[in-house]
Novice: 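Can you read through this structure? Questions will come right after.
Chain letters run A, B, ... following the sequence lines, proteins first and then strands; every chain starts at 1.
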Number of protein chains: 2
Amino acid sequence: MSGDNGGEGATEATAGAAARLQKLFEGHRLTPTQRRIAHCMVRRAADAPFLSSVELAELAGVSQPSVTRFAVALGFDGYPALRRHLRDVAPERAAAAPDSLNEYQQAVQEEIGNLQELSAALADPAPIEEAARLFAASPVLPVLGLRAAMGQAAGFAYFASKVHPDVRLLDEGGSMLADRIDGAVRAGASVLLCFALPRHPREVIEALAYARSAGLTVVTVADSAFAPVARHTDLMLPAAVGTGLAFDTVCAPMLLGRVLLEAMCDALPDAQASLEAFDARAAARGLFAE
Amino acid sequence: MSGDNGGEGATEATAGAAARLQKLFEGHRLTPTQRRIAHCMVRRAADAPFLSSVELAELAGVSQPSVTRFAVALGFDGYPALRRHLRDVAPERAAAAPDSLNEYQQAVQEEIGNLQELSAALADPAPIEEAARLFAASPVLPVLGLRAAMGQAAGFAYFASKVHPDVRLLDEGGSMLADRIDGAVRAGASVLLCFALPRHPREVIEALAYARSAGLTVVTVADSAFAPVARHTDLMLPAAVGTGLAFDTVCAPMLLGRVLLEAMCDALPDAQASLEAFDARAAARGLFAE
DNA sequence: CTCTCGCTGAATGGACCCATGCAGCATCAA
DNA sequence: TTGATGCTGCATGGGTCCATTCAGCGAGAG
C-alpha cells in the first residue's frame, strides 16, 4: 500500500519530469539526431538525470559527441551541466492532491482506473486468444462499428488489414449494412468483430442479430458485459469507457482492440512476413517520413 | 505554490529514502569513519544517489577510499554498485514485479504511464483552450487523419459534429485531399486539426504544408513534439503512443482529442443546446437502445 | 614498554567520461 | 554537374572517478 502510493507518486513525478523536459526543448531548433536524443530522454525521463553521455547515446542510437552537442545546443555549458540541471529540477515530487487536479486531469485519472481494470482482466488471456483464433481462422473478417464506435473499428481494421487477408470495415448503418454482412458470409466469413460503445444504436443490435442468424460467430468489445448487445454476442470482451467529459473516452476499448490484434498476429502464421513485406514496399515507395 | 507542494513532496520522499538508508545500514558493524559517512548520507538522502565517491567523501569529511570501503562493507561490489542501488530504490518503482505481468498487461501499464504524462501536461490547460478557441471561431473545422490516425480523426469528427456546425473529416490522401482543404478554406475555415501518429505518412506533411500555405492555422495532436509534422504546425499538442504491441496504442492521443472536444464545447455558446436537441431528436427516433 | 592489530589517508594506476578536431556524407543552390 | 553548407560519426586527448596498495597512527594486550 505504501508501495502503491510511492509507485504512483513516482510515475506522477516521472510524468512531470517529461513535461518539464518538453518545455526545455521548446524554442530550440534541433537537428534530427538531436530530436532522437530529446525523444529518448522524454521516454526515459526517470533515468535521464543518472545517465552518462555514452549511456544516453547508446539508448538513443546516436554517437556520444552528438549528446554533447545536444547539451550545448540547449544552452548548457556541456553535458554535465545539462544533467546537473535535471538533477536540480527532478526532486519536484508532485504532491498531486486530488483536489488540485483540473477537470481534464480527473478524466485522465478515471481512464487510468479503467486501464488498471483492463490490466486485471487481461491476467487471463484465454478469451482474447479464443477471439484471435476465430479471427485468424476466418478468411474474411468483418469489423462492425457505428457512430461513436466507428473510429475504433476503423483503427482496428486499418492495422488488421496489414496481417489479415480480407478485413471489411462496416462503419455505415442503413439497409446496406445487412447487404455487406451477407457479402462477408458469402465470401467465407465465420466470425464478426463488433465494437459497441455508448450510446448503443439500435442498428448495431439489429445488425448483430442478423449476423448471428446468418451463421456468424459474434465477438463484441463493449463498455460493459451487460450492454444491450450482449444478448447477440457469443464472446463478450468488456472494456470500460470514461464518462468524465462531455463525450465518452475509450482508452480501454481501443487498447483491447490492439491486444486482439497482437493475439491475432500470433495466431496468423504469415503475420510477421506480411508486416515485413509491407515495410519493404512502404520504404520503396517513400510512404513514410524518416 | 508549486514550490510548497514540491517541497513537501520532496521532504516526504527524503524521509522515505532516509528510512530506507537506515534499514540498509542496520546489521552491519561500521567503523567510526563509516558511521560518519552513513550519517552524512542520511542527512543528504535526496542528493545521495547523485554524489560521486569524492563528493560524498568531502561532505562527510573523510577520504575517498573510505567511501569505497564503506560500500564494500555494506555488501556491494563497490561504490558504483551502492549508488546504483540507491537509484533503483529511490523512486520505489511501481514496477510491481513486471515478470508477473503478461505481455498484454505490460502494454497496458505502458499506456498508464503515457496517461500520467498526459495528466501532467494538462496541468497547464492553456494550449488546449487556445486550440479550442481556434476551433470554435472557425465556421468550418477540417479534421485530418490518414492511415493509422484515421480512427482518431473519425472519432473526433463524429463527436465534434454534434456541437460544431461544419466538421469535415479528411481521412483520405491523394490528390483529392488538397481539393478538400481548398474547399474548407473557401467555406471559411481558419484552422485545421491534424492527428499525426506513427508511422508518419509523407502525405500528411505535405498536406499540412499546403494547408498553411492556404492560410490555415494548423493544430496538431502528435505522438511527440518532435514528430516530422512539427515543422508545419502552429500549435503542437503532444501525446505519447504505446509501442509495446505490434501496433501502436493511442490512448493518450484519443483522450487528448476528447479533452479538446470538451474545451471546444466550453468555447461554443450553443454547444449544450445542440447536444440537448440531438438527444431529443434521437429519443424521438428511437435511435439508441435503452 | 613494546608488539600487534585494525583503521585511516596519501598515492597510484586503470577505466571511464566528456569535449574537440577531422573526415565522410547528404542536401541544396547555382 | 559542382560547390558550399551543415550534420554526423570516428578518433583522440585531457580530465575525473574509483579500486588498490602502502605507510602512518592509535588502541589494547602482554
Side-chain angles (χ1 to χ4, degrees), chain A residues 24-25 27-41 44 47-88 283-284 286 288-290, chain B residues 24-25 27-41 44 47-88 200 202 205-206 209 213 224 226-232:
Chain A
L24 209 157
F25 302 146
H28 289 93
R29 282 192 64 88
L30 298 178
T31 69
T33 300
Q34 288 167 348
R35 273 192 293 272
R36 287 185 69 177
I37 300 171
H39 195 263
C40 177
M41 285 185 71
R44 326 233 349 198
D47 302 328
F50 299 98
L51 298 173
S52 71
S53 68
V54 271
E55 288 170 327
L56 179 56
E58 283 176 4
L59 286 173
V62 303
S63 68
Q64 175 267 325
S66 291
V67 175
T68 292
R69 285 190 277 258
F70 170 73
V72 175
L74 260 51
F76 296 96
D77 282 343
Y79 177 74
L82 187 157
R83 191 173 48 186
R84 177 169 301 271
H85 175 77
L86 293 180
R87 291 174 186 180
D88 290 343
F288 298 116
E290 283 182 332
Chain B
L24 207 149
F25 302 146
H28 290 93
R29 287 190 61 88
L30 297 180
T31 69
T33 302
Q34 289 169 345
R35 272 193 291 274
R36 287 186 67 179
I37 299 172
H39 194 263
C40 176
M41 284 184 72
R44 325 240 343 203
D47 303 329
F50 298 98
L51 298 173
S52 72
S53 68
V54 269
E55 288 169 326
L56 180 56
E58 284 176 3
L59 287 173
V62 302
S63 68
Q64 176 267 324
S66 292
V67 175
T68 292
R69 285 190 277 261
F70 171 73
V72 175
L74 259 52
F76 296 96
D77 282 342
Y79 177 73
L82 185 154
R83 190 170 51 185
R84 177 170 300 272
H85 175 78
L86 293 180
R87 294 176 186 180
D88 290 342
H200 296 280
R202 287 191 185 281
I205 300 166
E206 294 159 6
S213 74
S224 154
F226 312 103
V229 292
R231 291 179 43 115
H232 304 288

Novice: How would you label the contact of B/R36 with the nucleic acid (heavy atoms, under 4.0 Å): base, sugar-phosphate, or nothing?
Specialist: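 The answer is nothing, as B/R36 stays clear of every strand by at least 4.0 Å.
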Novice: Without decimals, in angstroms, what is the distance between B/L56 CG and C/dG9 P?
Specialist: 13 Å
Novice: Counting side-chain heavy atoms from C-beta on, which of D/dG9, C/dC18, D/dT20 comes nearest to A/T68?
Specialist: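 Of the candidates, C/dC18 comes closest.
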Novice: Whole Å only: how far is the CZ atom of A/R35 from the P atom of D/dC7?
Specialist: 11 Å
Novice: Kindly point out which of C/dT8, D/dC18, C/dA11 is positioned nearest to the side chain of B/P65?
Specialist: C/dA11
Novice: Distance from B/M41 atom CE to B/R36 atom CZ, nearest 0.5 Å?
Specialist: 15.0 Å
Novice: From D/dA19, D/dG9, C/dG9, pick the nucleotide closest to the side chain of B/V62?
Specialist: C/dG9
Novice: Parallel, tilted or perpendicular, judged at 30° and 60°: which one describes the rings of A/H85 and A/F76?
Specialist: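 Taking A/F76 first and then A/H85, their aromatic rings sit tilted (interplane angle of 30° to 60°).
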Novice: Looking at B/S66 and B/I37, what are the two nearest heavy atoms and their distance?
Specialist: O-CD1, 3.7 Å
Novice: Rounded to the nearest Å, what distance is computed from the CD atom of residue A/Q64 to the P atom of nucleotide D/dG14?
Specialist: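 That distance rounds to 17 Å.
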Novice: What is the separation between atom CD on A/Q34 and atom P on D/dG6, rounded to the nearest whole Å?
Specialist: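 Nearest whole value for this atom pair: 14 Å.
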Novice: What pairs of residues pass the side chain to side chain donor-acceptor pair (under 3.5 Å) test when at least one of them lies in residues 74-83 of chain B, not counting sequence neighbours?
Specialist: none
Novice: Need to verify one output field. Residue with the more 5' nearest nucleotide on DNA chain C, A/L51 or A/R69?
Specialist: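 That would be A/L51.
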Novice: For the pair made of CD in A/E55 and C1' in C/dA15, what is the distance, rounded to whole Å?
Specialist: 14 Å
Novice: Within the side chain of A/E55, is there an N or O that forms a donor-acceptor pair under 3.5 Å with the backbone of A/S52?
Specialist: yes
Novice: Closest approach to the side chain of B/S66, judged atom by atom: which nucleotide of D/dC18, C/dT8, D/dT8 is it?
Specialist: C/dT8
Novice: Check the phosphate of D/dT8 against A/T33, side-chain N and O only, distance under 4.0 Å to OP1 or OP2. Yes or no?
Specialist: yes
Novice: Rounded to whole angstrom units, what separation is found between the CD atom of B/E58 and the C1' atom of C/dG9?
Specialist: 14 Å
Novice: Round to a whole Å and report the spacing from CZ of B/F70 to P of C/dC7.
Specialist: 15 Å
Novice: Write down the distance between OH (A/Y79) and P (C/dT20), rounded to a whole number of angstrom.
Specialist: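 It works out to 16 Å between those atoms.
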